[in-house]
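Chain naming here is simple, since letters A, B, ... match the order of the sequence lines and numbering starts at 1 in each.
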Amino acid sequence: MLHTATEVAPLPRSFFDRDPLVVAPALLGTVLRHELDGQVVAIRLTEVEAYLGEGEDPASHTHRGMRPRNKVMFGPPGHLYVYFTYGMHYCANLVCRPEGMSGGVLLRAGEVVTGLEVARSRRPASKRDIDLARGPARLASAMAFGREDDGRDVCSGTSLSLLPGKPVPRAKLRTGPRVGVSVGVESPWRYWIDGEPTVSVYRPAVARRRP
DNA sequence: GACGTGATTGTA
DNA sequence: ACAATCACGTCC
């Protein structure tokens with residue numbers, strides 16, 4: 001111990017064994033750390049979105065029940081749910097609620113606090129460091145998440161873990177409608193830290209090209 | 001504002 | 001089998 005870096009225990013599984021609407025704001029300011037091939041990138045979460053489960057939330061991937069893709073969301077809490085979308089992007093969620101019940105929190109944006117060089121190399125399109133993990137697919141890319149990371153545990157103190165961070169003052173908490181969802185717009189289940197440059201700009205869902 | 005890109009899923 | 005959709009990012 002002495003003057004070396006103190007080991008920080010990851011957040012316990014009980015942290016995730018709650019309603020996503022409770023877990024989501026509590027995630028702000030925490031730090032997701034991933035070590036891959038000896039390279040560490042850690043991201044302080046600044047923007048997240050809560051998704052409920054079957055029959056509760058039309059915007060949730062689990063709204064219509066368990067499918068091969070979303071089965072991790074029905075598993076035990078404290079695991080990573082990674083999905084592939086738009087033919088090119090990955091996005092990551094943290095699974096909430098007890099096993100058998102679905103729900104999760106989408107990691108929308110964060111600040112790279114460790115491994116800037118590694119994150120830059122994974123995100124060559126980012127001109128500024130604040131863009132490295134600004135947006136869910138960018139965050140996943142900076143963390144090098146892919147299909148193989150679907151279902152990974154973040155509570156066991158392995159190469160992937162969620163660490164406590166400096167608490168966010170309540171006055172800085174903001175909520176609003178989720179981004180990019182066409183249903184469930186009335187539910188203000190997006191949470192972010194006010195004044196953070198890493199928070200993705202809100203763009204209302206726009207209808208895609210029609211034939 | 002437009003488009004890439006391919007898995008997933010509901011519908012038939 | 002088929003076609004629409006998609007919790008997005010990049011460049012114009």
Below 30° counts as parallel, above 60° as perpendicular, anything between as tilted: where do the rings of A/Y90 and A/F84 land?
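A/Y90 and A/F84: tilted rings.
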
Could you check whether A/A137 gets within reach of a base, just the sugar-phosphate, or nothing at all, counting any heavy atom under 4.0 Å?
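The residue A/A137 makes sugar-phosphate contact but no base contact.
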
When the distance from [atom1] of [X] to [atom2] of [N] is rounded to whole Å, what number comes out?
| X | N | atom1 | atom2 | answer |
| --- | --- | --- | --- | --- |
| A/Y83 | B/dT9 | OH | C1' | 15 Å |
| A/R147 | B/dG6 | CZ | P | 12 Å |
| A/R128 | C/dG9 | CZ | P | 14 Å |
| A/R138 | C/dC11 | CZ | C1' | 12 Å |
| A/R64 | B/dT11 | CZ | C1' | 11 Å |
| A/Y86 | B/dA7 | OH | P | 16 Å |
| A/L106 | C/dC8 | CG | C1' | 11 Å |
| A/Y90 | C/dC6 | OH | P | 20 Å |

B/dT5: pairing nucleotide in any strand, Watson-Crick or G-U under 3.5 angstrom:
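None - no nucleotide pairs with B/dT5, as no candidate has both distances under 3.5 Å.
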
Mate of B/dT11 where both pairing distances stay under 3.5 Å, Watson-Crick or G-U:
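For B/dT11, the partner nucleotide comes out as C/dA1, under the 3.5 Å rule.
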
For a quick check under 3.5 Å, do A/S60 and A/T62 share a side-chain donor-acceptor pair by atom type?
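There is such a pair (donor and acceptor under 3.5 Å, judged by atom type) between the side chains of A/S60 and A/T62.
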
Establish, from distance only, whether the side-chain atoms of A/D17 and A/S14 form a donor-acceptor pair under 3.5 Å.
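Checked: A/D17/A/S14 side chains show no N/O donor-acceptor pair below 3.5 Å.
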
Please determine, for the side chain of [X], which listed nucleotide ([options]) has the closest atom?
| X | options | answer |
| --- | --- | --- |
| A/N93 | C/dG9, C/dA7, B/dA7 | C/dA7 |
| A/M88 | B/dG4, C/dA7, C/dT10 | B/dG4 |
| A/R69 | B/dT9, C/dC8, B/dG6 | B/dT9 |
| A/R67 | C/dC8, B/dG10, B/dG4 | B/dG10 |
| A/R123 | C/dA7, C/dG9, B/dT8 | C/dG9 |

Would you say A/H89 reaches B/dT5's phosphate, i.e. side-chain N/O to OP1/OP2 under 4.0 Å?
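For A/H89, the contact criterion (side-chain N or O under 4.0 Å from OP1 or OP2 of B/dT5) is not met.
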
side-chain N/O A/R190 vs C/dA7 OP1/OP2, d < 4.0 Å
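No, A/R190 has no side-chain N/O under 4.0 Å of OP1/OP2 on C/dA7.
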
Is it possible for you to check whether A/R18 lies under 6.0 Å from the centre of the six-membered ring of A/F15, through NZ or CZ, and within 45° of that ring's axis?
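Geometry flag: set, cation within 6.0 Å and 45°.
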
Are the ring of A/F84 and the six-membered base ring of B/dG6 within the stacking cut-offs of under 5.5 Å and under 30°?
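No, the aromatic ring of A/F84 does not stack with the base.
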
Using side-chain hydrogen bond (donor to acceptor under 3.5 Å, both in side chains) as the criterion, point out the one residue from A/E35, A/R33, A/R152 that pairs with A/S159.
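So, applying the side-chain hydrogen bond (donor to acceptor under 3.5 Å, both in side chains) to A/S159 and each of A/E35, A/R33, A/R152, only A/R152 qualifies.
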
